[in-house]
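Contents: one structure, followed by commentary.
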Amino acid sequence: NGVTSADSASTLFAYNALLELTGPDGKRMLPIEEFYTGPGKVALRHAELLTDIVITRENYEGFGGHYIKYAQRNAMDIATLGCAALCRLNREKDKIDDLRLAFGVAGPVPMRCKKTEEFACGQAITPELFRLAADAAEGEVHPRTSWRASKEFRLQLVHELSQRALKEAVRKAGGAVND
């Protein structure tokens with residue numbers, strides 16, 4: 001339905017998911033980044049359905065990932081902010097080889113922080129890296145104020161959750177995190 005708060009959206013962005021859409025004219029594949037066209041809008045054509053989600057091996061093999069949802073309640077609540085971090089480390093497990101950092105409810109559509117990702121690649125795993133990546137992510141998002149949370153609170157969540165998710169993704173990828 002195109003809502004930016006969908007829990008799966010930010011994780012699927014991090015995995016560079018491909019969506020199979022099926023309709024009267026047959027099937028077509030669409031990168032998830034092209035699926036969301038605006039607030040609450042998606043690229044489905046008349047009578048089309050989402051019939052498959054494809055995550056290719058090169059987008060998951062060797063990666064560690066973590067998703068954090070911040071919501072007012074623990075169950076059955078819409079995300080105030082969702083953050084997915086996916087990383088692959090170098091052979092020595094002391095540097096970021098590849099990073100994907102994606103958010104839901106940090107803008108009008110789910111999004112990746114590509115400048116932050118580029119910055120982190122090749123960087124040593126240090127507490128400073130986590131802080132600098134969080135600073136960079138905060139500068140890339142475009143949250144709004146709604147009845148769920150203010151823009152300022154969402155920016156605070158971006159800063160905090162990006163650090164937490166990235167640390168856990170590094171751990172799951174086999175790296176050591178010194179808090």
Path from Tyr60 to Val170 over hydrophobic side-chain contacts below 4.5 Å
no
May I ask you to decide whether Glu128 forms a salt bridge with Arg131, counting only side-chain N to carboxylate O separations under 4.0 Å?
yes
Without swapping roles, check the side chain of Ser150 against the backbone of Thr145 for a donor-acceptor pair under 3.5 Å.
no
Are Phe130 and Phe119 connected in a single hydrophobic cluster, I mean Ile/Leu/Val/Met/Phe/Trp/Tyr linked by side-chain heavy atoms less than 4.5 Å apart?
yes
When rounded to the nearest 0.5 angstrom, what is the spacing between CG in Leu89 and NZ in Lys172?
13.5 Å
Transitive ILVMFWY side-chain link Leu18 to Leu21, under 4.5 Å
no
For Lys93, does the NZ atom have more than 12 heavy-atom neighbours from other residues, nucleotides or ligands under 6.0 Å away?
yes
Would you compute the distance between atom CG of Leu132 and atom CD of Gln163 and round it to the nearest 0.5 angstrom?
9.5 Å
Take Val141 and Cys113, measure what side chain to side chain contact (heavy atoms under 4.5 Å, CB included) needs, and give me the verdict at the end.
CA-CA 7 Å; Val141 297; Cys113 292; 4.0 Å; yes
Check whether more than 12 heavy atoms from other residues, nucleotides or ligands sit under 6.0 Å from atom NZ of Lys95, and answer yes or no.
no
Polar side-chain atom of Gln123 near backbone of Ile96 as donor-acceptor pair, under 3.5 Å:
no
Verify, without hydrogens or angle tests, whether Thr51 (side chain) and Glu20 (backbone) share a donor-acceptor contact under 3.5 angstrom.
yes
Give a yes or no on this: more than 12 heavy atoms of other residues, nucleotides or ligands lie within 6.0 Å of atom CZ of Arg164.
no
Do Thr56 and Glu58 meet the criterion of a side-chain donor-acceptor pair at a distance under 3.5 Å?
yes
Determine the minimum heavy-atom distance between Leu129 and Ala124, stating which atoms define it.
CD2-O, 3.3 Å
Does Asp135 use its side chain to pair, donor to acceptor, with the backbone of Gly139 at less than 3.5 Å?
no
Is there a path of hydrophobic side-chain contacts, each under 4.5 Å between heavy atoms, that joins Phe63 and Leu101?
no
Heavy-atom closest pair, residues Val177 and Lys167
CG2-O, 3.6 Å
Which heavy-atom pair separates Val105 from Ala79 by the least distance, and what is that distance?
CG2-O, 3.6 Å
Which atom names give the shortest non-hydrogen contact between Ala14 and Ala102, and what distance separates them?
N-CB, 4.1 Å
Test log, rule side chain to side chain contact (heavy atoms under 4.5 Å, CB included), inputs Thr4 and Tyr36
CA-CA 9 Å; Thr4 186; Tyr36 290 86; over 6 Å; no
Distance-only, no hydrogens or angles: does the Glu48 side chain make a donor-acceptor pair with backbone N or O of Arg45 under 3.5 Å?
yes
Is any side-chain heavy atom of Ile68 closer than 4.5 Å to a side-chain heavy atom of Glu160?
no
Exercise: identify the closest heavy-atom pair between Ala169 and Ala85
CB-O, 3.7 Å
So does Thr80 get a backbone contact from the side chain of Arg154, meaning a donor-acceptor N/O pair under 3.5 Å?
yes
Which pair of non-hydrogen atoms, one from Ile32 and one from Ala9, has the smallest distance, and what is that distance?
CD1-O, 4.3 Å
Checking side chain to side chain contact (heavy atoms under 4.5 Å, CB included) for the pair Leu99/Leu166: CA distance, chi angles, key distance, verdict?
CA-CA 9 Å; Leu99 171 66; Leu166 180 53; 3.5 Å; yes
Please report the interatomic distance CG(Leu30) to CG(Leu19), rounded to the nearest 0.5 Å.
6.5 Å
Please state whether the rings of Phe153 and Tyr70 are parallel, tilted or perpendicular, taking 30° and 60° as the class boundaries.
perpendicular
Tell me if the CZ atom of Arg144 is crowded by more than 12 foreign heavy atoms within 6.0 Å.
no
Would you indicate whether the side-chain heavy atoms of Ile55 and Leu12 approach each other to under 4.5 Å?
yes
Rounded at 0.5 Å granularity, tell me how far CD in Glu168 sits from CZ in Arg171.
5.5 Å
Which is it for Asp7 and Tyr67 under the side chain to side chain contact (heavy atoms under 4.5 Å, CB included) test, yes or no, and what are the steps along the way?
CA-CA 9 Å; Asp7 290 327; Tyr67 173 74; 3.1 Å; yes
Euclidean distance, Glu138 CD relative to His159 NE2, rounded to 0.5 Å:
5.5 Å
Answer yes or no: is there a side-chain heavy-atom contact under 4.5 Å between Val54 and Tyr15?
no
Supply the atom-to-atom distance Arg100 CZ to Asn59 CG, rounded to the nearest 0.5 angstrom.
4.5 Å
Side chains of Leu155 and Pro143, heavy atoms from C-beta outward: is any pair under 4.5 Å?
yes
Could you see if Phe13 belongs to whatever hydrophobic cluster contains Phe35? Use Ile, Leu, Val, Met, Phe, Trp, Tyr and a side-chain cutoff under 4.5 Å.
yes
